[in-house]
J.: 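Got a structure for you, written out below as structure tokens; questions coming shortly.
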Amino acid sequence: MNRTENRNRNFERTDRLIREALLQITRRKQIDKITVKDITEEADINRTTFYLHYDTVDQLIHTVEDEVIDKIGEGLEQLESSHYVLGEHPIHTDLFRIFSENEVILMQLLGPHGDITFLNRFVNAISQRNYSSWRDTALKVNRRLPPDLEDYAYYICCGMCGMVYSHITRKKTIKGKEEEFGKFAGAVTNWVHENFVVRYPDVDKTI
């Protein structure tokens with residue numbers, strides 16, 4: 001290993017320590033009250049080292065939050081589109097599995113000491129990715145968009161994210177409940193979807 005590779009690995013290792021320190025501190029302290037001193041003491045580094053990685057604690061927080069959103073978003077993009085079948089929405093269960101895989105960090109960011117603004121960014125980002133996927137599919141199949149497709153996408157995603165948030169704030173795990181949650185969300189989606197298809201029958205099986 002040459003010196004450059006060694007420096008890069010050390011930098012990445014320290015960066016990981018800083019991020020882990022942030023998440024550990026959120027277990028006992030409100031995230032917007034965390035200071036550089038808190039981070040350096042938890043990670044056992046000096047202030048100079050912290051500033052080599054981040055300009056402020058806020059930048060660190062947003063970096064961690066953005067990575068969580070991107071990770072979940074990438075999982076969403078890998079989900080295969082499923083044709084609409086009455087009573088079946090397996091993609092909902094898959095989505096809850098993605099939430100479940102990231103449950104620990106979501107609990108820390110959305111928990112009692114977390115960042116409430118992250119919830120808004122999280123819901124908006126997931127909803128926008130979902131809408132973009134449905135939009136692309138609708139255009140590919142029908143070459144036009146239903147006028148309220150975006151409202152539909154946001155309504156469904158806000159509900160599913162809300163279920164996750166509700167359990168996290170009550171310190172309840174969603175692990176092992178992915179099928180149950182997926183079935184419930186699918187049943188609600190079916191009702192919304194059926195009314196949506198009545199108005200736009202040519203977009204059936206596109207979302």
J.: For Phe99 and Phe122, what are the C-alpha separation, side-chain angles and deciding distance, and is it a ring-ring contact (aromatic ring centres under 6.0 Å, His included)?
T.: CA-CA 12 Å; Phe99 287 150; Phe122 174 67; 5.8 Å; yes
J.: What pair of heavy atoms forms the shortest contact from Lys33 to Asp38, and how long is it?
T.: O-OD2, 4.0 Å
J.: If you count every heavy atom of other residues, nucleotides or ligands that lies below 6.0 Å from Asn120 atom CG, does the total exceed 12?
T.: yes
J.: Apply the test side chain to side chain contact (heavy atoms under 4.5 Å, CB included) to residues Val64 and Ile105: give CA-CA distance (whole Å), side-chain angles for both, the deciding distance (0.1 Å), then the verdict.
T.: CA-CA 10 Å; Val64 171; Ile105 192 168; 4.1 Å; yes
J.: Establish, from distance only, whether the side-chain atoms of Asp66 and Thr63 form a donor-acceptor pair under 3.5 Å.
T.: no
J.: For the rings on Phe184 and Phe96, is their centre-to-centre separation under 6.0 Å?
T.: no
J.: Salt bridge check: are Arg129 and Asp70 linked by an N-O gap of less than 4.0 Å?
T.: yes
J.: Can you tell me how far CD1 of Ile98 sits from CD of Glu101, rounded to the nearest 0.5 angstrom?
T.: 6.5 Å
J.: Below 4.0 angstrom, N of the basic side chain to O of the carboxylate: do Arg47 and Glu41 qualify?
T.: no
J.: Could you tell me if the side chain of Phe118 sits less than 4.5 Å from the side chain of Leu106, heavy atoms only?
T.: yes
J.: For the pair Asn124 and Tyr154, evaluate side chain to side chain contact (heavy atoms under 4.5 Å, CB included) and give the outcome as yes or no after the intermediate values.
T.: CA-CA 8 Å; Asn124 285 334; Tyr154 271 73; 4.0 Å; yes
J.: Let me confirm one number: the CG-CD distance from Asp115 to Gln108, rounded to the nearest 0.5 Å.
T.: 13.5 Å
J.: Is it true that Tyr131 and Tyr155 fall in one hydrophobic cluster, defined by side-chain heavy atoms closer than 4.5 Å?
T.: yes
J.: Once you round to the nearest 0.5 Å, how far does CD1 of Ile168 lie from CE of Met163?
T.: 12.0 Å
J.: Start with the C-alpha gap between Val68 and Ile72, add the side-chain angles, then the distance that decides, and say whether side chain to side chain contact (heavy atoms under 4.5 Å, CB included) holds.
T.: CA-CA 6 Å; Val68 174; Ile72 293 176; 4.1 Å; yes
J.: To the nearest 0.5 angstrom, please state how far the CG atom of Leu22 sits from the OH atom of Tyr54.
T.: 9.0 Å
J.: Are Glu42 and Arg28 close enough for a salt bridge, meaning some N to O gap below 4.0 Å?
T.: yes
J.: Above 12 or not: heavy atoms from other molecules or residues under 6.0 Å from NZ of Lys37?
T.: no
J.: Nearest 0.5 angstrom please: Thr169 OG1 to Leu119 CG, how far?
T.: 9.5 Å
J.: Once you round to the nearest 0.5 Å, how far does CG of Asp32 lie from OG1 of Thr26?
T.: 12.0 Å
J.: Can you find a heavy atom in the side chain of Arg121 that is under 4.5 Å from one in the side chain of Glu65?
T.: yes
J.: Work out which heavy atom in Ala185 is nearest to a heavy atom in Met160; give both atom names and the distance.
T.: CB-CG, 4.1 Å
J.: Heavy-atom distance under 4.5 Å between the side chains of Ile31 and Leu109, does that happen here?
T.: yes
J.: Determine whether more than 12 heavy atoms belonging to other residues, nucleotides or ligands lie under 6.0 Å from atom NZ of Lys71.
T.: no
J.: Can you list the steps and then say if Glu103 with Lys175 is a side chain to side chain contact (heavy atoms under 4.5 Å, CB included)?
T.: CA-CA 8 Å; Glu103 181 179 67; Lys175 289 188 182 298; 3.5 Å; yes
J.: Verify the cluster assignment for Tyr51 and Ile61: are they in a single hydrophobic cluster under the rule of side-chain heavy atoms below 4.5 Å apart?
T.: yes
J.: Is Ser166 reaching over with its side chain to a backbone N or O of Gly162, donor-acceptor style, under 3.5 angstrom?
T.: no
J.: Glu178 vs Thr93, test: side-chain hydrogen bond (donor to acceptor under 3.5 Å, both in side chains). Steps then yes/no.
T.: CA-CA 6 Å; Glu178 298 89 349; Thr93 298; over 6 Å; no
J.: So for atom NZ, which belongs to Lys177, do other residues, nucleotides or ligands contribute more than 12 heavy atoms lying within a distance under 6.0 Å?
T.: yes
J.: Is the ring pair His53/Phe11 parallel, tilted or perpendicular, if the boundaries are 30 and 60 degrees?
T.: parallel
J.: Between Glu150 and Gln128, what is the shortest heavy-atom contact and its length?
T.: OE2-OE1, 4.0 Å
J.: Cluster question for you: counting only ILVMFWY and a side-chain heavy-atom cut-off of under 4.5 Å, with indirect links fine, are Ile18 and Val36 together?
T.: yes
J.: Is the Phe181 to His167 ring centre distance short of 6.0 Å?
T.: yes
J.: Of all the heavy-atom pairs spanning Cys158 and Val123, show the shortest one and how long it is.
T.: SG-CG1, 3.4 Å
